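Everything quoted here is computed from the prediction, not taken from an experiment. Naming convention: chains lettered A, B, ... in sequence-line order (proteins, then strands); numbering from 1 in each chain.
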Amino acid sequence: MKNDKSVLGRSFFEHKTVVVAQDLLGKFLVRKIGKNIIAGMVVETEAYVGPHDLACHASKGKTERTKVMFESAGTWYVYMIYGMYHCLNIVTEDKDYPSAVLIRALEPVVIPSLERRGKRGGLLSEPTNGPGKLCRALKIDKKFNCTSAVAKNSQLYFEDRGVKISRNKIVKAKRIGVDYAGKWKDKPLRFYIRGNKFISKT
DNA sequence: CAAGAGATCATCT
DNA sequence: GATGATCTCTTGA
């Protein structure tokens, strides 16, 4: 089915974090704001894979801030960083196991039905090539923290629009901004689509 | 072009 | 009181 669009459900996120991080490439992040819909294709992610991962916020234990990562798969983890930017993560794997995928970059997409009506609503006018920037563009803030991406009526969720990213298009790289994580800082847990123009960094 | 600093605040010690 | 899963602007070679 060419035009088959399906919303990703909980089971999609209940696999190993490194697998989910790669499977999310080519999926679409959809944001509903009132009657407007804006969306982007996921082109870059990072995996934070559990309590033993020193770069994972939850590696220091379960606290008020990190308890979201212990939630069931498909829960949003949104937090503020450096006082000015939000980062968007989707919780993965089993409940009580702290792991998540950070959405680092999107490729802007035009929603045809909105464009036809002459609206600009479908086109992202702000850059989305970085975790802080995409949150600004999609107006994501802490209201989404601890909410579900797999619930009906969610205003923020993923869709599969049939785009398939072949294995050899996926680049593995070390994560960014985690120099404090000791031997974990160089682990190849960042994934992005080879040649895509909307990657946060090269 | 590369490198460095500042902005600014929730969270943890 | 320190620091960070960032971004942008300024400085200087």
Side-chain angles (χ1 to χ4, degrees), chain A residues 13 15-25 27 29 31 38 40-93 97-108 124-147 149 156 158 170-193 196-202:
Chain A
F13 303 102
H15 302 281
K16 297 294 286 183
T17 308
V18 288
V19 175
V20 177
Q22 293 172 78
D23 285 350
L24 275 175
L25 298 176
K27 299 296 184 290
L29 179 64
R31 169 78 165 106
I38 51 184
M41 188 175 80
V42 179
V43 298
E44 182 180 355
T45 60
E46 280 180 13
Y48 290 84
V49 298
H52 54 293
D53 178 359
L54 297 178
C56 182
H57 288 162
S59 67
K60 297 191 181 67
K62 189 172 182 175
T63 66
E64 194 58 30
R65 176 208 200 188
T66 61
K67 67 180 184 185
V68 184
M69 296 183 108
F70 293 79
E71 278 301 323
S72 306
T75 303
W76 292 118
Y77 170 38
V78 182
Y79 66 95
M80 170 159 279
I81 190 66
Y82 301 120
M84 342 181 69
Y85 296 100
H86 294 277
C87 287
L88 178 67
N89 304 248
I90 187 78
V91 176
T92 59
E93 300 193 42
Y97 186 81
S99 58
V101 173
L102 168 68
I103 310 301
R104 283 196 62 87
L106 302 176
E107 176 174 334
L124 287 168
S125 53
E126 294 186 75
T128 52
N129 60 326
K133 285 186 281 192
L134 77 87
C135 285
R136 198 174 53 191
L138 298 188
K139 309 210 184 319
I140 292 165
D141 57 30
K142 290 202 70 177
K143 286 199 299 292
F144 285 98
N145 192 36
C146 217
T147 65
L156 185 64
F158 290 105
I170 297 178
V171 180
K172 298 182 173 68
K174 63 172 70 167
R175 291 176 291 187
I176 293 185
V178 294
D179 289 345
Y180 59 87
K183 64 177 184 178
W184 279 85
K185 74 183 174 68
D186 292 329
K187 297 271 182 185
L189 294 175
R190 171 175 173 235
F191 307 98
Y192 59 90
I193 298 176
N196 190 278
K197 299 182 186 66
F198 299 92
I199 307 300
S200 61
K201 295 184 181 178
T202 56

Heavy-atom distance under 4.5 Å between the side chains of [X] and [Y], does that happen here?
{"X": "R190(A)", "Y": "I199(A)", "answer": "yes"}
{"X": "Y77(A)", "Y": "R65(A)", "answer": "yes"}
{"X": "L134(A)", "Y": "F198(A)", "answer": "no"}

Involving DNA chain C, stems made of at least three consecutive Watson-Crick or G-U pairs, both distances under 3.5 Å: B:1-7 with C:6-12, B:9-12 with C:1-4
For dA5(C), does either OP1 or OP2 sit under 4.0 Å from a side-chain N or O belonging to K185(A)? no
Under-4.0 Å side-chain N/O to phosphate OP1/OP2 contact, K201(A) with dA5(C): no
The residue, V178(A) or R136(A), whose nearest nucleotide of DNA chain C is more 5′ is V178(A)
Are dG4(C) and Y180(A) stacked, with the base six-membered ring and the side-chain ring centres under 5.5 Å apart and planes under 30°? no
Assign [X] to base, sugar-phosphate, or nothing according to its heavy-atom contacts below 4.0 angstrom with the strands shown.
{"X": "R65(A)", "result": "sugar-phosphate"}
{"X": "K60(A)", "result": "nothing"}
{"X": "R190(A)", "result": "nothing"}
{"X": "G83(A)", "result": "base"}

How close or far is atom P of dT3(C) from atom CG of D179(A), stated in whole angstroms? 14 Å
Rounded to whole Å, the NE2-C1' distance (H57(A) to dA5(C)) equals 5 Å
Distance between P atoms of dA5(C) and dA3(B) (Å, rounded): 22 Å
Parallel, tilted or perpendicular: ring planes of F13(A) versus F158(A), cut at 30 and 60 degrees: tilted
With the threshold set at 4.0 Å, does a side-chain nitrogen-carboxylate oxygen contact exist between K133(A) and E126(A)? no
